[in-house]
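A short worksheet on the structure shown next.
When a ligand or atom number is given, it counts from 1 through the structure's own listing order.
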Amino acid sequence: MNLDKNTSELEAQALMKQIDAESQKLGIVERRKFIKNALTLFGGMGVAAAAPGVMAASSNLPPNVPSWSRSLGKPVLTNPYGKPSPFEKNVKRRTVEWLTPDNIASVTFTPLQDLKGIITPNGLVFERYHGGMQTINPDEYRLMIHGLVDRPIIFTLDDLKRFPSVSEIKFLECPANGGMEWRGPQMTGVQFTHGMLSCCEWTGVRLSTLLAEVGVKTKGKWVLAEGADGSGLARSIPMDKALDDAIVVYAQNGEALRPEQGYPVRLINPGWEGNTCVKWLRRLEVGDQPWYLREETSKYTDLLPSGKAREFSFVQEGNSVITSPSPEKPWKKHGWYEVEGLAWSGRGLIKHVDVSLDGGVSWRKANLKGLVLPKALTRFSLMVKWEGQPLLLQSRSIDETGYVQPSIGQLRKARGVNSIYHNNSIHSWELKEDGSVHNVQIT
Ligand SMILES: Nc1nc2c(c(=O)[nH]1)N[C@H]1C(S)=C(S)[C@@H](COP(=O)(O)O)O[C@H]1N2
Ligand SMILES: [Mo]
């Protein structure tokens, strides 16, 4: 798989021009020449990645005063909507070309290896579409609530924003996360083994608030949530969940939902399968039974060895993964390193994370860093001194219900290998003597 075709020739030329102009301003002719030569040298093979390094290698390192300390910077409003440094362009969503037949009913993965803390920046939240991304005019947006209710209603976006709002940090995970690993290690990086995962601060109205407004009839036991995109994705949510912590969301990490995440309104069912978190939410219909019993719609189930299917596996069970080191983040020198990763449970708080360096023979307790919140990503870390010995790295989470993350062997015993969904098994990385990291499985 070709992960990165770095920067194109054009971009490299633009970068060079910029460096040229800046150098001229400073009268740094020598450096400019040097860069020009270097660029020709590196031509066509990842030029931009080389250029910044080349710059640094010239006159910007101590004891010299770097160019950026001797010139004025760009004015305010250079980027009216800010964006990351051009040197961070490798931090991006990625697809796996062979995974889906087209790129409309498809998925991109979050670069977990590059993130810090627990919040996923909006531009890096993984995307999952059944019928592509839609861009909806908020003036033409409506949410209809009907079915077994006393006062069916159609809300505008402004109407929704007048209700008391909540803001909560919750993870969102597609149940297919890790699904390619049921039969054996397959994906080449943590972005692909675990990147159908994000964690945002979501703001919106509790679904319970809206349901109180319309008045649910006593026979109303299920809520059908339907999306406005062409896929018409619809999921039936049990009334208990709808009245518990479900949120009708219009903001994400402080700003309006991104189109990728269902602008202007989506449903968030904290801790539950991502597919229940219907984007571009158009309609909520209260019924007395799950929707698929009334009409054909697709269902998310797990095919078991017995030939039977497990259904209503709504909760994303306790999980964890080491994000550094990882195939994308090898170790390059001997000495101290911080092993870091993420743990999460759809049942609530992460209580405890263990890290093993020897494939699960012995375990050490990891630290939980920063915010530890229910149904949110939780960051763990452990300092490790590496002297070049090979390691078999694993992490194992325990949540507040006492649920211990299972091994892939335990999970296969219970579910076989025909499932796509709900592989929350302990993940293993093999760190070799050269510091490179590889996806392996230990049962
Ligand atoms: N309307 C609609 N909602 C949808 C989908 C979709 O295709 N259409 N995909 C679902 C699936 S399968 C997942 S995993 C999550 C992904 O949310 P994200 O794209 O914000 O990461 O959205 C869910 N909601
Ligand atoms: Mo999904």
Quiz item: With a cut-off of 4.0 Å, which atoms of ligand 1 are near a heavy atom of Y129?
Solution: 7 (O)
Practice problem: Any atoms of ligand 1 less than 4.0 Å from a non-hydrogen atom of E260? List them with their elements. | Solution: 19 (O)
Quiz prompt | Atoms of ligand 1, numbered as shown, that sit under 4.0 Å from any heavy atom of W280 | solution = 1 (N), 2 (C), 8 (N)
Quiz item: Do the charged groups of R206 and E168 touch, with an N to O distance under 4.0 Å?
Solution: yes
Self-check item: Contact atoms of ligand 1, heavy-atom distance to C174 under 4.0 Å
Solution: 14 (S)
Quiz item: Testing K308, R415, R310 for salt bridge (Lys or Arg N to Asp or Glu O under 4.0 Å) with D302, which one passes?
Solution: R310
Practice problem: Write out the residue and atom name of the closest protein heavy atom to atom 21 (O) of ligand 1, then the distance separating them to 0.1 Å. | Solution: F126 O, 2.6 Å
Quiz item: Closest heavy-atom contact between A309 and T301?
Solution: CB-CB, 4.0 Å
Quiz item: Just which atoms of ligand 1 are under 4.0 Å from any heavy atom in C277?
Solution: 22 (O), 23 (C), 24 (N)
Practice problem: Can you tell me which residue pairs pass the ring-ring contact (aromatic ring centres under 6.0 Å, His included) test with a partner in residues 106-152, sequence neighbours excluded? | Solution: F109-F192
Self-check item: Protein residue, atom and distance nearest to atom 10 (C) of ligand 1, heavy-atom basis
Solution: N275 CA, 3.8 Å
Quiz prompt | Under 4.0 Å to a heavy atom of E127 - the qualifying atoms of ligand 1, by number | solution = 19 (O)
Quiz item: Any chance CG of L304 has more than 12 other-residue heavy atoms, nucleotides or ligands included, within less than 6.0 Å?
Solution: yes
Quiz item: Does a side-chain N-to-carboxylate-O contact under 4.0 Å join E317 and R347?
Solution: yes
Self-check item: Residue part near ligand 1, for L172, under 4.0 Å between non-hydrogen atoms
Solution: side chain
Quiz item: Going by an N to O cut-off under 4.0 Å, is there a salt bridge joining E226 and R282?
Solution: yes
Practice problem: Check each atom of ligand 1 against the heavy atoms of G227 and keep those under 4.0 Å away; list them by number with element. | Solution: 1 (N)
Exercise. May I ask you to identify the nearest protein heavy atom to atom 15 (C) of ligand 1, giving residue, atom name and distance to one decimal place in Å?
Key: G274 O, 3.4 Å
Quiz prompt | Protein residue, atom and distance nearest to atom 16 (C) of ligand 1, heavy-atom basis | solution = R128 CB, 3.7 Å
Self-check item: For D229, atoms of ligand 1 separated by under 4.0 Å from a heavy atom
Solution: 1 (N), 2 (C), 6 (C), 7 (O), 8 (N)
Exercise. Flag the pair E340 and K329 as a salt bridge only when some basic side-chain nitrogen lies within less than 4.0 angstrom of an acidic carboxylate oxygen.
Key: no
Quiz item: Closer than 4.0 angstrom: is that true for some heavy atom of R266 and an atom of ligand 1?
Solution: yes
Quiz item: For atom 3 (N) of ligand 1, what is the nearest protein heavy atom, given as residue, atom name and distance?
Solution: K279 N, 2.9 Å
Quiz prompt | Minimum heavy-atom distance between W429 and I322, given as atom pair plus value | solution = NE1-O, 2.8 Å
Practice problem: List the steps, then state whether salt bridge (Lys or Arg N to Asp or Glu O under 4.0 Å) holds for E260 with R93. | Solution: CA-CA 12 Å; E260 293 93 319; R93 297 170 177 141; 3.3 Å; yes
Quiz item: Nearest non-hydrogen atom to atom 6 (C) of ligand 1 belongs to which of E173, Q134, H130, E273?
Solution: H130
